[in-house]
Amino acid sequence: MDVEIAGIAAARLSADPVAQFHLLQQVREAVLSGEKPPAPPRQMISESWRRSLAAPVNPDHDRPPIVYGSAEVADVRAAHPLHAVVAMLRELLVGIADESRHVMIVTDADGTILWREGAADVCLRADPVGLFEGARWAEAAIGTNAMGTALAVDGPVQIYSAEHLVRAYHPWTCAAAPVHDPDTGALLGAIDVSGPLHTLHPAVVCLVNAAAQLAEDRLHDLMEIRDERLRAANMRHLAGLRGEPGALLTRTGRVVAAQPDGRWPGRISVPPGADRVLLDDGFEALVEPLPEGYLVRVPVTGRAAKRRPKLSLSFLGDRPVAVLDGRELPLTLRRAELLAVLALHPTGLTAEQLALHLYGDAGNPTTARSEIHRLRAQVGESVIDPGHYRLRADVEADFLAVRAALRSGDVRAAVATCRGPLLAQSEAPAIRAERYQLVAALRTAALDHHDLEALWAFGQSEPGCDDLEVFERLAGELHPGDPRQAVAAARLAWLLAEDG
């Protein structure tokens, strides 16, 4: 991996760590004082500094908070999912860490160090700066660092010297990668290798990332073993239904066996203590707890399908319109944004994810929960799942229809449906991204499809009416006898004049 540090290749600078150390200190001091730095920091570092300062983290005096005392760490480690892969990580990384004067660190999803192993002298140096078990190294707690930043960006990172926001860690370099739960996809924690700055090697981050991938593979193997154990112990319950629709679920709601196979989703959300759930097809299913999961069944007799509400969203145009079972809903822009984001994520979102989609990095999950609560009060509690926020309705949306038409290659239908940009007044990050991507995909398809009818229709739409390349193509390719050719030529001339 070619890691760039302050615009200069790490592989080259690692040959002169002292020069790199001084350069990055100058960059940091200039950025924090509002002056022009001698070289730009990496974008990832710049964004991490902004998040850390907003937390707020003191760049000159902070130390990581102690979450667990030494007497508590052993019990926390024993209960953590990564406990199952620490022996493998120790075999992979501790020997390398010893030789390179580093320590191997494993954190939980909150950035709290649960394991630290490596060279004794490096561990002694790590203790005074808080690099020990029980200390929390999330960005919000201690600023830019490999463990916390890897968790924040959900990807492998290397942090070198003065790229750490807090001055006390400038003599250190570190590389980390996140580890995910193979069942839910949730972050479990991070694997990190940290040590004195002069021991930097550009390949360390690749090594740590490979170790994280191996850890996820091992966790996946263990999950499949648990699944098989669950099936072996409980298939008799499924057989006992005598043809009645049913499924075996893990504790997390993942379906591991079902009858009939075709009707069941991959996962069913079961709220704690629930004795029944509403399925995506409108049927209500009964929930029976098992030692390691659930049996979910749909009684055949005496139960008719519960019709799912029908929600129609027309968000490509001058005024967003939502119609629920034939009744138009009064909409604020925020509620339209909520409905659009939920429609774009049919499997559901957490409050944290929803806040990120609506407000960006400054989003507050509490605010997102309040918005959802007010929307549920308006549309009815049966329409939005209160546990994992998702729409429990048959959704028809014009922006989803454009997506579907583009996937099927029906460019004319996509252009005809896209009358305008998605929620043009919205500044929500997820809406802005979808709006841009939808128009960009539609424009590319219209230009590349060699269908003048579709291209003409795109030129008449709001997204395409000022597109110079579209009208150049139309003016040049429409037959001179086609009355639209003169219109396209006139529009092209006007756009060129405006551009000039």
Side-chain angles (χ1 to χ4, degrees), residues 269 278 280 282 306-406 413-442 461-465:
S269 177
L278 184 64
D280 290 343
K306 286 191 174 182
R307 187 185 63 81
R308 285 162 60 89
K310 183 177 180 180
L311 180 63
S312 176
L313 305 177
S314 300
F315 287 175
L316 301 174
D318 296 333
R319 183 176 74 90
V321 176
V323 177
L324 179 63
D325 285 336
R327 174 176 59 92
E328 183 173 338
L329 301 172
L331 281 184
T332 62
L333 178 59
R334 177 60 75 205
R335 291 182 185 178
E337 291 170 337
L338 277 169
L339 289 171
V341 169
L342 293 176
L344 288 166
H345 297 85
T347 59
L349 296 168
T350 64
E352 291 75 13
Q353 291 169 326
L354 190 59
L356 183 66
H357 287 310
L358 290 175
Y359 309 106
D361 290 336
N364 187 328
T366 302
T367 304
R369 291 188 188 98
S370 299
E371 296 280 7
I372 284 286
H373 179 75
R374 287 191 286 269
L375 182 60
R376 290 185 75 227
Q378 179 186 12
V379 302
E381 296 188 356
S382 64
V383 177
I384 299 177
D385 191 326
H388 195 59
Y389 300 141
R390 60 175 179 153
L391 293 172
R392 294 193 296 199
D394 293 328
V395 179
E396 294 180 355
D398 49 5
F399 52 95
L400 297 181
V402 175
R403 274 185 168 194
L406 288 172
V415 171
T417 304
C418 192
R419 299 177 301 277
L422 173 63
L423 297 178
Q425 303 303 315
S426 173
E427 291 299 321
I431 301 299
R432 291 175 60 191
E434 178 65 18
R435 184 166 61 222
Y436 173 81
Q437 292 168 22
L438 205 60
V439 172
L442 192 64
S461 68
E462 185 177 345
C465 64

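Quick caveat: nothing in here was measured; it's all calculated off a predicted structure.
In this structure, CZ on Arg390 lies 15.0 Å from CG on Leu354, to the nearest 0.5 angstrom. A distance of 9.5 Å separates CG of Leu339 from CG of Leu324, quoted to the nearest 0.5 Å. With rounding to the nearest 0.5 Å, the separation of CG in Leu316 from CZ in Phe399 is 7.5 Å. Arg369 CZ to Arg376 CZ: the interatomic distance, rounded to the nearest 0.5 Å, is 13.5 Å. Between the OG atom of Ser370 and the CG atom of Leu375 there is a distance of 12.5 Å, given to the nearest 0.5 Å. Between atom CZ of residue Arg403 and atom CD of residue Glu434 there is a gap of 4.0 Å, rounded to the nearest 0.5 Å.
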Task: Test log, rule side-chain contact (heavy atoms from CB on, under 4.5 Å), inputs Ile384 and Leu338 - done: CA-CA 11 Å; Ile384 299 177; Leu338 277 169; over 6 Å; no
Task: Pair Arg334-Leu358, side-chain contact (heavy atoms from CB on, under 4.5 Å): steps then yes or no - done: CA-CA 9 Å; Arg334 177 60 75 205; Leu358 290 175; 4.0 Å; yes
- [ ] Start with the C-alpha gap between Val383 and Arg392, add the side-chain angles, then the distance that decides, and say whether side-chain contact (heavy atoms from CB on, under 4.5 Å) holds.
- [x] CA-CA 5 Å; Val383 177; Arg392 294 193 296 199; 6.0 Å; no
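Taking all atoms of both residues into account, the shortest heavy-atom contact from Cys418 to Ser461 is O-CB, 3.9 Å. Between Phe315 and Pro320, the shortest heavy-atom contact is CD2-CB, 3.6 Å. The shortest heavy-atom contact between Gln378 and Pro330 is NE2-O, 2.5 Å. Here the shortest heavy-atom pairing between Arg435 and Leu423 reads NH1-O, 2.6 Å. Across all non-hydrogen atoms, the minimal contact from Ala340 to Ile431 is CB-CD1, 3.7 Å. Taking every heavy atom of both residues into account, Ala355 and Pro365 meet most closely at CB-N, 3.8 Å.
Heavy-atom neighbours of Glu328 CD from other residues, nucleotides or ligands within 6.0 Å: above the threshold of 12.
Note on Glu427 versus Arg432: salt bridge recorded, some NZ/NE/NH1/NH2 to OD/OE distance being below 4.0 Å.
Contact check for Leu331 versus Val321: no side-chain heavy atoms found under the 4.5 Å cut-off. Residues Thr332 and Glu371 form no side-chain contact, since every pair of their non-hydrogen atoms from C-beta on lies 4.5 Å or further apart. Residues Leu342 and Ile372 have side chains in contact (heavy-atom distance under 4.5 Å, counting atoms from C-beta outward). Looking at Leu422 and Asp398, their side chains never come closer than 4.5 Å, going by heavy atoms from C-beta outward. Between Leu329 and Arg327, some side-chain heavy-atom pair lies under the 4.5 Å cut-off. The shortest side-chain heavy-atom distance between Leu356 and Pro429 does not fall under the 4.5 Å cut-off. The shortest distance between side-chain heavy atoms of Leu311 and Val323 does not fall below 4.5 Å. Side-chain contact between His345 and Gln353 is absent, with no heavy-atom pair separated by less than 4.5 Å.
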